[in-house]
Amino acid sequence: MPELPEVETVARGLSKVWEGRRFASVVCHRAGLRIPFPADMARRLTGRRVDSVGRRAKYLVTRLDGGLVMLGHLGMSGRMVISGLRNTPPGRHDHVEFITEDGVLVTLTDPRRFGLLTLCDAAEMDSHPLLKDMGPEPLEPGFDAGVLAAALMGKATPIKSALLDQTLVAGLGNIYVCEALFRAGISPQREAGSLKLGEIAPLVTAIKNVLQDAIAAGGSSLKDHVRPDGELGYFQHEFKVYGRAGQRCPDCPGAPRCPGIQRIVQAGRSTFYCAERQM
DNA sequence: AGGGAGTCCTGCAGGC
DNA sequence: TGCCTGCAGGACTCCC
């Protein structure tokens, strides 16, 4: 699914066609996704002007006039597709359609329906149940080694699992955690609380760099992520370890001994790493 | 309290 | 070709 870079890419794409425009029509083709839509969601959105489209963690944050906020999450397979108006009926997985006053159609498509869409008041957004426990934004300057060290302190869980915990750091998912740990040379199996400040600092740098690189590439297109304009992201070509089990480890210092990229399962999720390079 | 397993849902790839 | 199994970018709930 969309992790932080993919959601950022989607937010930027939507901002181009939504900001400053009003929703002429919003149509829901089902009652909800992972959670039910607010009962009168379509009606409450219709006629509103979009002030901004942004992102908090993996949530799309659409601010509308009158202090209304639409929170969206794309789950594992959600997409926001921009197109012109069409006469064909919506597809099986086209759940919500937004039409702006200038005739641009945005379709929320989500085959697995793990995503969500809901509304809240701008003033209550930070205390919203979905966001209130959210950790710091990794690309903000305030996210540094001291902050991450404090979050990891005393944690017995593997660092891989800790970084997936949205309350510790917001927005990281399976791909970018694997890639960041590889860049930092840290084993995913290390106990989170055992990391020294001298290891956490390069980890923070690796997290920021991998996310920035991915955003610059338009995110990663695996099965589902496409930019709203239909273009593919291409950061998947930059993966060093994710999905590369059995392949040679790139730039491995122990190259002659290196057995290659390994796949293990941690907390039910695939982890890809190089045992020679990551310690 | 904290962490891991099971769960939601559909699509796709690979093996037989 | 077709069926079956396993796996997938997330995150919540339950249970230990």
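Residue numbers start from 1 in every chain, and the chains themselves are labelled A, B, ... in the order their sequence lines are given, proteins ahead of strands.
Between the CZ atom of A:Arg244 and the CZ atom of A:Phe239 there is a distance of 9.5 Å, given to the nearest 0.5 Å.
Distance alone, capped at 3.5 Å, is enough to place a donor-acceptor pair between the A:Glu101 side chain and the A:Arg22 backbone.
With 3.5 Å as the limit, one finds a donor-acceptor pair spanning the side chains of A:Asp94 and A:Thr109.
Considering every non-hydrogen atom in both A:Asp121 and A:Val69, the closest pair reads C-CG2, 4.4 Å.
In the set B:dT10, B:dG4, C:dA8, the nucleotide with an atom closest to the side chain of A:Arg113 is B:dT10. Among B:dG4, C:dC7, C:dG10, the nucleotide with an atom closest to any side-chain atom of A:Lys58 is C:dG10. Picking from B:dT10, B:dC8, C:dA8 the nucleotide with the shortest atom distance to the side chain of A:Phe114 gives B:dC8.
Applying the Watson-Crick and G-U wobble criteria (two distances, each under 3.5 Å), B:dC9 pairs with nothing in any strand.
The aromatic rings of A:Phe23 and A:Phe98 lie tilted to each other, with the angle between the two planes from 30° to 60°. Ring geometry for A:Tyr59 versus A:His73: interplanar angle over 60°, hence perpendicular rather than tilted (30 to 60°).
Note on A:Arg263: a side-chain N or O is less than 4.0 Å away from OP1 or OP2 of C:dA8. Within the structure, every side-chain polar atom (N or O) of A:Arg34 is placed at least 4.0 Å from both OP1 and OP2 of B:dT7. OP1 and OP2 of C:dG10 both lie 4.0 Å or more from every side-chain N or O belonging to A:Gln166. Side-chain nitrogen and oxygen atoms of A:Ser270 include at least one within less than 4.0 Å of the OP1 or OP2 phosphate oxygen of C:dA8. One finds a side-chain N or O of A:Arg269 lying less than 4.0 angstrom from the OP1 or OP2 phosphate oxygen of C:dG10. Here A:His93 does not reach the OP1 or OP2 of B:dC9: none of its side-chain N or O atoms lies under 4.0 Å away. Within the structure, a side-chain polar atom (N or O) of A:Thr157 is placed less than 4.0 Å from OP1 or OP2 of B:dG4. Taking side-chain N and O atoms only, A:His73 has no distance below 4.0 Å to OP1 or OP2 of C:dG10.
The 12-atom threshold is exceeded at CZ of A:Arg30, counting heavy atoms of other residues, nucleotides or ligands nearer than 6.0 Å.
Taking atom P on both nucleotides, C:dC3 is separated from B:dC9 by 23 Å, rounded to a whole Å. Distance check on atom P: C:dA11 versus B:dA1 gives 23 Å, rounded to whole Å.
Residue A:Pro129 is classed as having no contact, given no heavy-atom separation below 4.0 Å to the nucleic acid. At the heavy-atom level, A:Tyr242 lies under 4.0 Å from the strands shown only through sugar-phosphate atoms.
Within a heavy-atom distance below 4.0 Å of DNA chain C, no residue of residues 145-155 of chain A is found.
Residue A:Met76 contributes atom CE, which lies 15 Å from atom P of B:dC12 at whole-angstrom precision.
Closest-nucleotide positions on DNA chain C for A:Arg112 and A:Leu130 were compared, and the one nearer the 5' end corresponds to A:Arg112.
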